[in-house]
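Heads up, the thing below is written out as structure tokens.
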Amino acid sequence: MALIIRIEAENKLTGEKTTDIDNSAIWGSESAEDFIEEIVDADIDYSQYQELNLGTVIENPKARDLLFAPIVTCTVDHIIQASECKRGGGYIAPMLRLLSSDLILDEPDDFDQSDLPALNRLVHLAGMLGSRILLSSATLPPDLLEGLFKSYQSGRIIYNQNHGKKRPAVVCAWFDEQEKSSLKTTCADHAEFTKTHQKFITKRAKYLQQQIIRRRAEILPLALTYTREDHTQFFSGLAKELVKSSISLHDKHHVKKEKQDKKISVGLIRIANIQNIVEIAQAMNALELADDNYHIHLTCYHAKQLLVLRNALETKLDRVLKRNAKNPELIFNHLEIKDALAKSPAVNHIFIVLATPVAEVGRDHDYDWAIVEPSSMRSIIQLAGRIWRHRPDKVADKTNLLILQHNIRHLKKENIVFTKPGFESSEFPLETHDMNDLMTKEQLNQIDALPRIIKPQPLTPENKLSDLEHAVMQDLMNNESLNFVNAYWDENTTANMAHTHLQILSPFRAGNAQEEWILIPNDKDFDVYAAEQVKKQKLSGSTKHSKLINRKEIVFNNDNISPWLLTDTATELNLLKTKYTDKSTQYLATLFSKVALEDNTHGWHFNEWLGFWRNK
């Protein structure tokens with residue numbers, strides 16, 4: 001569901017109002033970008049804010065930018081400290097920003113369910129400070145929305161009380177891409193919100209059901225057995241199945257340039273966890289293809305990679321995967337494609353991005369086909385949205401998405417398998433982990449947002465993946481009984497807002513603590529430094545920790561499978577030096593050649609193609 005955003009020219013912190021903006025001026029002869037460029041001054045004069053007496057709060061340049069920039073685009077980590085700070089004054093700048101702004105949350109349902117209680121607290125605070133909230137996503141489940149509405153309304157009640165106003169009826173609006181489909185109303189209570197939301201979703205469901213089929217899925221059978229002793233053999237077998245399926249999908253969905261015999265396709269293989277991606281990539285690199293008419297170009301895309309290398313990879317993917325609906329052959333013009341084609345005489349060139357869930361949300365990439373290791377219905381829907389993303393007229397008369405019958409956790413004989421990421425738990429276990437049973441034929445035949453936005457009655461969370469997610473969301477965000485989410489804003493438990501008990505019970509980003517490391521290339525290897533120590537003592541006064549990370553060489557001698565978009569750290573740092581001519585390579589490395597890693601007893605392996613993975 002897309003959102004239309006109206007920005008009101010008002011600074012709630014200073015109370016200063018600007019002249020009202022006529023929307024026709026924005027969408028008239030000049031573009032929105034031109035208009036914003038005209039009214040926004042990027043060079044902020046901080047002296048104008050001295051009268052606010054904020055003192056040490058704005059000593060940090062990042063805090064000043066967060067607080068005073070007219071429009072801030074950031075990850076939620078920067079703003080959520082307003083409601084999550086347990087000690088110190090780290091909450092002051094983000095709270096003041098929230099006090100002076102409205103809040104737009106993109107893809108709020110992308111949060112892990114363990115982070116949703118913290119999001120609930122942030123939305124409550126936004127209501128209490130008088131901010132308006134915009135939620136943008138195509139896959140918002142009803143219980144998440146209803147829970148956030150309750151939280152926001154409870155905060156807005158406090159805001160109105162503090163301003164001597166009557167109990168609020170919250171102004172709500174729904175938008176999507178259809179003409180004349182928007183709904184707007186004032187909701188005095190939860191029941192009214194639910195009723196209006198259901199009205200909007202009913203209309204949207206009818207619209208989606210009338211659309212052409214653009215993503216058609218099948219279950220990819222897997223008959224693999226995992227044992228520790230046959231670890232390498234297991235991943236070799238899995239790699240063979242993935243390559244075989246990639247070739248099949250390529251044959252159905254490829255691009256061919258006129259007067260050339262070369263056929264290419266770019267596919268996404270989404271695997272849930274980084275460690276498994278590394279195993280699969282190495283297994284693929286060792287495979288032998290029976291047919292020399294095919295060549296596979298493979299790249300690995302995940303979060304455990306040096307910042308400078310990940311940025312280089314994403315920049316190239318953003319360019320190559322910006323597809324042209326009217327002229328799909330333009331993909332042949334990219335240097336990254338030309339160079340790859342020149343290295344092999346094969347007719348069929350299959351470009352594979354082997355990625356974690358980082359490829360699902362926030363990347364405007366267009367793939368020809370995809371294979372997914374299942375973890376949740378939401379993940380499958382979001383990943384399917386990357387297929388033909390820029391080519392809206394293509395119709396899926398053949399399968400363009402394959403879903404593994406079992407995920408790797410199941411094949412390793414774990415009991416709870418759709419987790420980290422996923423919604424399964426000991427409290428909500430599934431009776432089966434076979435995707436043939438967990439998805440209906442209707443869901444497979446047309447992958448769209450319907451399983452997420454429509455909540456069936458009754459729910460059967462023990463044997464349907466989509467029902468499991470609705471059940472978890474209902475229990476967490478829309479529970480009629482008191483739980484550690486609604487206890488924060490419930491009018492009978494107001495003490496919870498005065499202490500940090502719930503923040504400790506359900507912290508934001510509750511995973512393992514990470515430490516940031518800097519890798520600086522030398523003649524043979526890398527020098528490794530702790531980023532925090534470098535920040536305090538500079539590079540010259542910092543200790544090397546090179547034994548923590550073991551650089552692992554990968555041999556590429558496969559005639560049919562080769563790395564794609566591979567670069568090295570030194571090259572990328574030298575490219576940065578052409579931009580920052582007054583900075584040394586070492587200085588640039590301290591800024592950009594960084595990675596965040598959890599503590600691991602046996603240390604980490606690193607390769608510039610594979611990224612970082614645990615040394616077991």
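- No side-chain heavy atom of Asp437 sits less than 4.5 Å from a side-chain heavy atom of Asn463.
- Residues Leu383 and Arg270 share a closest heavy-atom pair of CD1-CB, 3.1 Å.
- Between His302 atom NE2 and Phe612 atom CZ the span is 9.5 Å, to the nearest 0.5 Å.
- Between Arg389 and Asp364 a salt bridge is recorded (basic side-chain N to carboxylate O distance below 4.0 Å).
- Counting heavy atoms from C-beta on, the side chains of Arg386 and Glu360 never come closer than 4.5 Å.
- With Ser151 contributing its side chain and Gly147 its backbone, the two residues share no donor-acceptor pair below 3.5 Å.
- One finds no salt bridge joining Lys398 and Glu218 here, because no Lys/Arg side-chain nitrogen approaches an Asp/Glu carboxylate oxygen to under 4.0 Å.
- For the ring-ring contact (aromatic ring centres under 6.0 Å, His included) criterion with Phe351, the lone passing option out of His297, His250, His295, His334 is His297.
- Geometric assessment of Lys412 against the ring of Tyr226 yields a positive cation-pi assignment under the 6.0 Å and 45° thresholds.
- At distances below 3.5 Å, at least one donor-acceptor pair connects side-chain atoms of Glu373 with backbone N or O atoms of Ala272.
- Across Lys464, Lys455, Arg452, a single residue satisfies side-chain contact (heavy atoms from CB on, under 4.5 Å) together with Glu469, and that is Arg452.
- Within a 6.0 Å sphere centred on CG of Asn327, other residues, nucleotides and ligands contribute more than 12 heavy atoms.
- To the nearest 0.5 Å, atom NZ of residue Lys262 and atom NZ of residue Lys338 are 14.0 Å apart.
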